[in-house]
Amino acid sequence: MRSIFHVDMDAFFVSVEELYDPSLIGKPVVVGGASDQRGVVSAASYAARKFGVHSAMPLRTAYQLCPQAIFVEGHPERYRKYSNLVKEVLQQFTPLVEMASIDEAYLDMTGTERLHGPPLLAAHKLHNAIKAATALNNSIGAGTSRLLAKVCSDQAKPHGIVWIPPGAEAAFLAPLDVRKIPGVGKVTEQKLHRLGIRQVGDMAALEPKFLAEHFGQWGLALGGKSKGLDSGGWFQGEIGEEQDPKSISHEHTFSVDTADADALEAALAHLSEKVGRRLREHGLWARTIQLKLRYTDFSTFTRALTLGHATQIDTEIFQTARDLLRKNRRAGSPIRLLGVQTSGFSHEAGQLDLLDGAQHERMGKALNAMDKLRDKYGEMSVSLALGMKGRFKERTHDALPNDGKPKK
Amino acid sequence: MEFTVSKADLVRELGLSQGVVEKKSTIPILSNVLLEADGDRLSLTATDLELGIRCGCAAKVKKAGSGTIPAKKLLDYVRLLPDGEISIKFADNQWASITAGRSKTRIAGMSRESYPELPEMPQVLAELPVKRLAAMITRTIFAISAEESRFTLNGALLLVKAHGLTMVSTDSHRLAMVECPMEIEGFAPDQSYRALLPRKAMSELARLAAEASDDAKLLFAGDENHLFFQIGDRLLLSRKLTGNFPDFERVLPKEHPHNVTLSRDDLKGSLERVMQFADERSRAIKVGAFPGELKLHSSLSDTGESEETLGAFYDGPSVEIGFNAAYMLDFLRASNEDNVQFLFKDSASAGELRPVSDGTLNYRYIVMPMRI
């Protein structure tokens, strides 16, 4: 029988901001930027959530819902720092830790009873250890599967613990709304409602055949999930098993659309640096570089080039992306968004270069030194000269894994 | 224009134009071959504006003139005709009538007025042995970069000096260099000529050379933008690649501390087998030099692994170096000597392959290792 914990930090970004500015405590707070800025809400305090504000919502919409909220810029470096502190605590409990994002993690606690005691006791110890190390509130769900642990931590919020003993899974899940099942979004929910299925228990009682008829493979997965099993894609893979990203990318939406070549290339340089840094963090070399362009009318284009060799060098990523930009940009059309994506990863440098090899090696060493400076003094401490002009305030969701997508 | 030619002559000469005519048909007339009949000759011209070829054959010219016809369509059709005489007649509306025995065909042509004018061959710079040049092309063409963005590497450097020819190509992973010592008439001792020859021109030149006799010579010339190669009545001209070829001498290893001599066939066979278990994209294998032997090793976690051991006279330190096996095979296929030398230093430095011979060509192939 497996014992899985899901640790979820309560209103993480807001809570971290409160540590730096205690006057925010208890107030409606929106992290992400000024209320009239482009961009989305990275996090909202519980007080702001009462007004319907949630993450991934445009900042301007959040302002309309809750004009009295305090809007603050995000500080990705603060969140990374606290996320690392949390991770250190988690790793003291089990080596099998998977950070699902900056503020949540799965732990495989199977076989740790003799060390940490039964699950509920271990969860209490962990809960208190995180609070002691970071002063941050957190919620823990514990159960026999990742799905169950995730659902439990949601039920445990805020600042609580829910443990479902083996055998009680179905009884616990049955009265919950189907939307509580990870992976069930608006579309599936509506479809289920049309079939008269509102609670997880309704779904668990159905024949797998019925679900398969209406939802195909996904239906079979739903059937399993409703019984508390990790079925169907969402939770595949063992905890602690390193899974390489398929791609690494960064994007930037300009505060004012621009057609200025210098401004675009400077932004591209900055994005390339960020992508390069992430590649090096992951120990990956990329062969394919893709440029993403979005014009004022929201028409979006991507153009990619596959190199003859793999790279993790900022300048090489930049030069490739810049060539793509120069070749494919409609001159004079203002651009709203630029993005740089890399893919085609390998774990080794692979083919060395005859002509530029020595230069690549020097550049690689310089970049490693820059990374160390950034680790110590922050992301803005050092940059390529061209990238400096293209700097923009780091948006909070850039700090998240999964290619900067806001948390679900 | 009206003329009669033999089918064999026309098929042969049209065949030469096929590698040159534009295939994308962005400019429709470039898919056509220009036919010019005058005196007792038919001249054929094809070009894609980068590369051009002019050739011809004997013809009975009834009425001199010129016109253009889709090159591929014409060849595909003429090939199917029985051997014998073929008569071609152009009407004023640019349609061409082709008559052979009991076959009659009309093909829509285009006026020669819109066909581009090819540059004239300027003063001859040098007379070069055709087969020698072809051998140099075979030994370098495969190392030309396929990355279009690296346009200075999309061809080979041709260096003509008073005491010999040099051809160099690189894709920045490996570099092939072949020198052919020979006295070039009319070149002063310190005189040299340097040009970047596009890959397509090289392959067409090799094709023309294949038909030439062993001791045939070609006339070589160049103007500001073009290179000219004339073999007998056939003229190949190519736009030069612009830009600076990298300073290849800088990356040529001065010396290698270690080397082994191997049978080319043995090494080739072993590499081909080991490569079956190398990653399909990177072709990465390990080449290990150990006392008395050279080992080739590959492994793919899901598929399997393979190892080959080749006896070799080697008493240096044990060294293991990652290489792209396909790069090594390229050299072994282009070289035709019985034995080759593998020269190396360590897993981070360029390795080198050379044929062991007293041949007329001095051939070096530099390959950068892989980190695997």
Side-chain angles (χ1 to χ4, degrees), chain A residues 241-244 246 268 272 279-280 283-291 303-313 315-329 342-365 367-368, chain B residues 143-154 157 168-177 244-253 278-286 300-301 321-328 344-352 364-372:
Chain A
E241 196 178 75
E242 278 288 319
Q243 277 184 345
D244 287 335
K246 295 262 186 301
L268 209 57
S272 303
L279 284 171
R280 294 187 295 279
L284 294 173
W285 276 259
R287 272 170 70 101
T288 302
I289 319 275
Q290 182 183 279
L291 172 79
R303 292 287 180 277
L305 190 82
T306 297
L307 303 170
H309 61 282
T311 187
Q312 54 171 212
I313 291 177
T315 45
E316 223 179 344
I317 298 167
F318 168 61
Q319 278 158 15
T320 311
R322 185 188 56 191
D323 287 349
L324 287 169
L325 178 70
R326 287 182 179 173
K327 237 178 176 170
N328 295 296
R329 180 165 78 93
T342 53
S343 57
F345 295 141
S346 51
H347 283 277
E348 292 291 343
Q351 181 65 53
L352 301 181
D353 199 288
L354 181 64
L355 304 173
D356 305 323
Q359 195 198 336
H360 285 174
E361 205 178 312
R362 280 198 301 275
M363 196 66 194
K365 281 182 185 158
L367 289 170
N368 284 332
Chain B
I144 290 171
S145 174
E147 274 183 70
E148 270 179 48
S149 55
R150 311 193 70 171
F151 48 86
T152 57
L153 303 184
N154 290 164
L157 174 72
V168 190
S169 65
T170 179
D171 61 5
S172 88
H173 297 165
R174 59 322 195 1
L175 178 146
M177 180 184 83
N244 289 323
F245 194 75
D247 178 9
F248 68 93
E249 275 159 340
R250 181 178 58 88
V251 300
L252 289 176
D279 175 63
E280 271 188 34
R281 200 177 61 187
S282 72
R283 301 289 193 202
I285 63 157
K286 275 195 174 142
L300 272 181
S301 50
I321 314 176
F323 279 110
N324 179 329
Y327 288 171
M328 300 181 84
F344 57 95
K345 185 179 169 199
D346 54 40
S347 62
S349 308
E352 182 168 344
R364 296 181 68 180
Y365 184 61
I366 321 295
V367 193
M368 275 310 271
M370 299 184 76
R371 287 243 162 83
I372 50 174

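Here is the naming used below: chain letters follow the sequence lines, and residue numbers restart at 1 for every chain. What you are looking at is a predicted structure, and each value in this text was computed from that prediction instead of being measured.
With a 4.5 angstrom heavy-atom cutoff, L175(B) touches chain A via backbone and side-chain atoms both. The contact between D353(A) and chain B is made by backbone and side chain atoms together, counting heavy-atom distances below 4.5 Å. Only the side chain of L153(B) comes within less than 4.5 Å of a heavy atom in chain A; its backbone stays farther off. Y327(B) touches chain A through its side chain: at least one heavy atom from C-beta onward sits under 4.5 Å away, while N, CA, C and O do not. Neither the backbone nor the side chain of S145(B) has a heavy atom closer than 4.5 Å to any heavy atom of chain A. Using a 4.5 Å cut-off between heavy atoms, A284(B) makes no contact with chain A at all. With a 4.5 Å cut-off on non-hydrogen atoms, P246(B) touches chain A through its side chain but not through its backbone.
Remark: side-chain polar atoms of E147(B) are not paired, donor with acceptor, to backbone N or O of L307(A) under 3.5 angstrom.
Expressed to the nearest 0.5 Å, how far CD of Q351(A) lies from CZ of R174(B) amounts to 8.5 Å. The CD atom of E348(A) lies 10.5 Å from the OG atom of S282(B); values are rounded to the nearest 0.5 Å. The CG atom of L354(A) sits 9.5 Å away from atom NE2 of H173(B), with the distance rounded to the nearest 0.5 Å.
Heavy-atom pairs under 4.5 Å with chain B were tallied for E361(A), R287(A), H347(A); the largest tally goes to R287(A). Note: G308(A) leads A310(A), G308(A), A358(A) in heavy-atom pairs under 4.5 Å with chain B.
Around CG of D247(B), the count of heavy atoms belonging to other residues, nucleotides or ligands within 6.0 Å exceeds 12.
Considering all non-hydrogen atoms of both residues, L352(A) and A348(B) come closest at CD1-O, 4.2 Å. Of all the heavy atoms in R150(B) and L355(A), the pair that sits closest is NH2-CD1, 4.4 Å.
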